Amino acid sequence: MSAEKLVYFDKLVFKKPKDFSFFLTASVYNFSFWFNGKRLLVPLEDAIIVLADLGSEIEARVYVSKNRRLEGVDGLGKIVEHVLGLVENLTEFYGIVAKDPLLSPSLETLYGMHIRASQPWIASVIGVCQQNASFRQGWKMFYNFIRVFGKRVSVEGIETYVPPSPSNINENSMDMLLDAGLGYRAKTVVALAKLFAGKQHLNGFDVGSEELEGELLSIRGVGEYTSRLALALSLRDYSKPPIDRWLRRIVAEVYKIDEKSVEREYTRVWGRWSALAALYTTVALDAEPLTKALERIRAGRLRPDPSKISPLTLWKHL
DNA sequence: TGCCAGGCGGGGT
DNA sequence: ACCCCGCATGGC
């Protein structure tokens, strides 16, 4: 099946904020079909935004499907600002990082890294893929999910994917979800698809974070970890940390506290940046499995290693 | 080969 | 409030 060629719609230019690294923001947790080391492609329903670093500015070229009408460019500007985190001021966050024994060594390396936002439905799928799986297995699952269900399109000579809309996935998708390697998580993804297809406002960046969290938690297979990760990866709401066994153990070790008090202590230290700190931690330790991550902490190797397949280099390998 | 992972829900105490 | 188990799959 050949890729649909998207048509040029419009161009926007943004001033690059001081604490913003285009390369790090484009690199982190990304795939080769959305970032090639130079151009960042942001998929958005039936559109692709091509982003290029112009030094003091960022250019956004918008491409859309032929049969799709886009609302005005004003709305698009807000969306790009949200997706890239151009409006996110990390001064306070870096103030805490500078004093943190685990994250301060990687401050220079990771300075300016913002997390790209995905639509709530996609962020929820990412969360489900991370359940009870290693970093590599989880991201491979999501990669397969996009390749199996996404729509293949081309822009500026690059072939890429637009993620599926929730209405594309239902009970009949089970076999393909299993082929993508989701295992028992497949049912949860079908339930999420049903939720988002039925309540479309939940899939916008302007949905209330408490409402989204409540709806996600009502789904069988979505718990505290997955819903919090989804809030972080879609709404930039970092106030509640997604704490899994990995982070719980690491935080207990570094802060020398009991595992039971990790959430209380982590939220006390990081406040509204808790989930971002959790994500930075995975990047600093290359998302290595727990035993290796603990070894690295003991050895004081707290900076990402560019030779590893990691959150920052995933796009070179998948 | 046979474990076991960056969860979760259900059933036990 | 806890504790414990099974669950699909891939990786080692």
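What you see below is based on every heavy atom in this structure, not just the backbone, and it leaves out hydrogens, waters and symmetry mates. Not measured: the values here are computed from a predicted model.
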Indicate, with a heavy-atom threshold strictly under 4.0 Å, whether [X] touches base, sugar-phosphate, or nothing.
{"X": "A:L182", "answer": "nothing"}
{"X": "A:I219", "answer": "sugar-phosphate"}
{"X": "A:V222", "answer": "sugar-phosphate"}
{"X": "A:A186", "answer": "nothing"}
{"X": "A:F142", "answer": "nothing"}
{"X": "A:I243", "answer": "nothing"}
{"X": "A:R185", "answer": "base"}
{"X": "A:T282", "answer": "base"}

More than 12 foreign heavy atoms under 6.0 Å from [atom1] of [X]: is that the case here?
{"X": "A:K194", "atom1": "NZ", "value": "no"}
{"X": "A:E211", "atom1": "CD", "value": "yes"}
{"X": "A:K16", "atom1": "NZ", "value": "yes"}

What are the bounds, 5' to 3', of the part of DNA chain B that sits under 4.0 Å from heavy atoms of chain A?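 With heavy atoms of chain A under 4.0 Å away, the range is B:dA5 to B:dG10.
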Ignoring hydrogens and geometry, is there a side-chain-to-backbone donor-acceptor pair from A:W121 to A:G204 under 3.5 Å?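 Here the side-chain-to-backbone pair does not exist.
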Given Watson-Crick and G-U pairs under 3.5 Å, DNA chain C in dot-bracket ([ ] crossing, | other strand) is |||||||.||||
Can we call the ring centroids of [X] and [Y] under 6.0 Å apart?
{"X": "A:F93", "Y": "A:Y238", "result": "no"}
{"X": "A:F35", "Y": "A:W315", "result": "yes"}
{"X": "A:Y143", "Y": "A:F33", "result": "yes"}
{"X": "A:Y111", "Y": "A:Y94", "result": "yes"}

Nearest whole angstrom, please: distance from the [atom2] of [N] to the [atom1] of [X].
{"X": "A:L290", "N": "C:dG11", "atom1": "CG", "atom2": "C1'", "answer": "17 Å"}
{"X": "A:F135", "N": "C:dG11", "atom1": "CZ", "atom2": "P", "answer": "13 Å"}
{"X": "A:Q137", "N": "C:dC7", "atom1": "CD", "atom2": "C1'", "answer": "13 Å"}
{"X": "A:H317", "N": "C:dG11", "atom1": "NE2", "atom2": "P", "answer": "15 Å"}
{"X": "A:K187", "N": "C:dC7", "atom1": "NZ", "atom2": "P", "answer": "12 Å"}
{"X": "A:K260", "N": "C:dC3", "atom1": "NZ", "atom2": "P", "answer": "6 Å"}
{"X": "A:Y143", "N": "C:dG11", "atom1": "OH", "atom2": "P", "answer": "13 Å"}
{"X": "A:R245", "N": "C:dC4", "atom1": "CZ", "atom2": "P", "answer": "13 Å"}

To the closest 0.5 Å, what do you measure between CZ (A:F14) and CD (A:E59)?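 It is 10.5 Å, given to the nearest 0.5 Å.
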When rounded to the nearest 0.5 angstrom, what distance separates CD1 in A:I250 from CG in A:D244?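 With rounding to 0.5 Å, CD1 (A:I250) is 8.5 Å from CG (A:D244).
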Could you give the distance separating [M] and [N] at their [atom1] atoms, to the nearest angstrom?
{"N": "C:dC2", "M": "B:dG6", "atom1": "P", "value": "24 Å"}
{"N": "C:dA8", "M": "B:dG11", "atom1": "P", "value": "16 Å"}
{"N": "C:dC5", "M": "B:dC3", "atom1": "P", "value": "15 Å"}

Hey, which sits more toward the 5' end of DNA chain B by its nearest nucleotide, A:R220 or A:Q130?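 The residue mapped nearer the 5' terminus is A:Q130.
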Toward the 5' end of DNA chain B, by each residue's nearest nucleotide, A:W139 or A:G221: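 Closest to the 5' end, via its nearest nucleotide, is A:W139.
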At their closest point, which heavy atom of A:P43 faces which heavy atom of A:I48, and how far apart are they?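 Between these two residues, the closest heavy atoms are CA-CD1, 3.9 Å.
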